[in-house]
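As structure tokens, the structure follows; a few thoughts come after it.
Order of the sequence lines sets the chain letters (A, B, ...), proteins ahead of strands, with each chain counted from 1.
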There are 2 protein chains.
Amino acid sequence: MNTTKRKRLEAKGWKVGNASDFLNLSPEEAAYVEVKLALSKRLQETRRVKNLSQEQLAQLLKSSQSRVAKMEAGDPTVSLDLLVRSLLALGASRKTLARMLA
Amino acid sequence: MNTTKRKRLEAKGWKVGNASDFLNLSPEEAAYVEVKLALSKRLQETRRVKNLSQEQLAQLLKSSQSRVAKMEAGDPTVSLDLLVRSLLALGASRKTLARMLA
DNA sequence: TGACTCCATGTCGGATATGACATATATTGA
DNA sequence: TCAATATATGTCATATCCGACATGGAGTCA
């Protein structure tokens with residue numbers, strides 16, 4: 001079985017359990033997941049604070065509701081690029097992002 | 001002319017001049033570029049501190065010398081994901097990344 | 001109940017990023 | 001100077017990510 005594929009399947013555990021313990025993630029893989037999850041949480045928070053539906057945010061981002069849902073769920077098919085660009089579109093700055101990661 | 005293509009061409013100006021002034025970048029596009037450039041600088045710094053050639057780093061990352069060069073040059077075809085994963089592979093943590101962005 | 005809104009999840013064709021390779025251009029040291 | 005090493009740049013086939021769409025489930029209100 002393809003490693004990438006396997007990871008994608010296993011990764012579904014991300015939001016269920018806690019994290020890297022029962023998956024055999026290397027430290028840097030774990031850190032990568034941490035970063036993505038931190039940002040996806042912040043995205044959802046920001047969206048809710050602004051009282052937007054996923055559909056409305058999708059329009060703002062010129063994306064789709066399903067992709068927004070996947071972003072917020074930490075779906076492995078969502079890139080850091082997309083998360084970061086979305087947060088920036090919601091008004092975050094480079095420094096804000098830094099704070100979100102800290 | 002395709003917008004993406006145009007941006008890629010214009011983006012060559014990144015390392016020549018300074019930044020977003022003479023390109024017509026929106027604030028969030030500019031911020032996105034800022035983030036990428038910040039990380040690529042840090043990647044090069046880290047690599048040099050560790051006394052690695054681009055070729056050696058490429059091996060470490062299971063990538064190629066040319067891609068490392070592009071990462072460090074802020075090439076538009078390089079994703080944030082790759083930059084972040086590279087920094088993590090060099091020992092950075094989530095918090096370290098946050099500091100790099102601040 | 002049924003109509004409505006919101007969010008989750010699967011899939012797909014097209015778009016973009018990837019490693020690899022070739023090759024050009026520094027940079028270094030004898 | 002020459003050659004060895006390091007870095008830059010262009011291209012390509014393939015891998016991965018994207019928006020879009022369909023559909024299902026959960027909650028709300030009448």
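Atoms CG and CE, on A:L39 and A:M71 in that order, are 11.5 Å from each other to the nearest 0.5 Å. The distance from atom CG of A:L52 to atom CG of A:L61, rounded to the nearest 0.5 Å, is 9.5 Å. Atom CG of A:L37 and atom CZ of A:R42 lie 13.0 Å apart (nearest 0.5 Å).
Counted by atom type alone, B:Q65 and B:E55 present zero donor-acceptor pairs between their side chains at under 3.5 Å.
Within residues 47-56 of chain A, no residue approaches DNA chain D, by heavy-atom distance under 4.0 Å.
Computed from coordinates, the B:D75 CG to D:dA8 P distance equals 12 Å when rounded to whole Å. Note: CG (A:L60) to C1' (D:dG19) measures 15 Å, nearest angstrom.
Residues in residues 82-95 of chain A take part in these salt bridge (Lys or Arg N to Asp or Glu O under 4.0 Å) pairs, two or more places apart or across chains: A:R94-B:E34.
Paired with B:V84 under the rule side-chain contact (heavy atoms from CB on, under 4.5 Å), one option of B:L87, B:D81, B:L88, B:L82 passes, and it is B:L88.
The two residues B:R67 and B:S63 make their nearest non-hydrogen contact at CB-OG, 3.4 Å.
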When you check every protein heavy atom under 4.0 Å of nucleotides 18-30 of chain C, what one-letter string (B, S, -) results, 5' to 3'? BBBB---------

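With A:K36 contributing its side chain and A:L83 its backbone, the two residues share no donor-acceptor pair below 3.5 Å.
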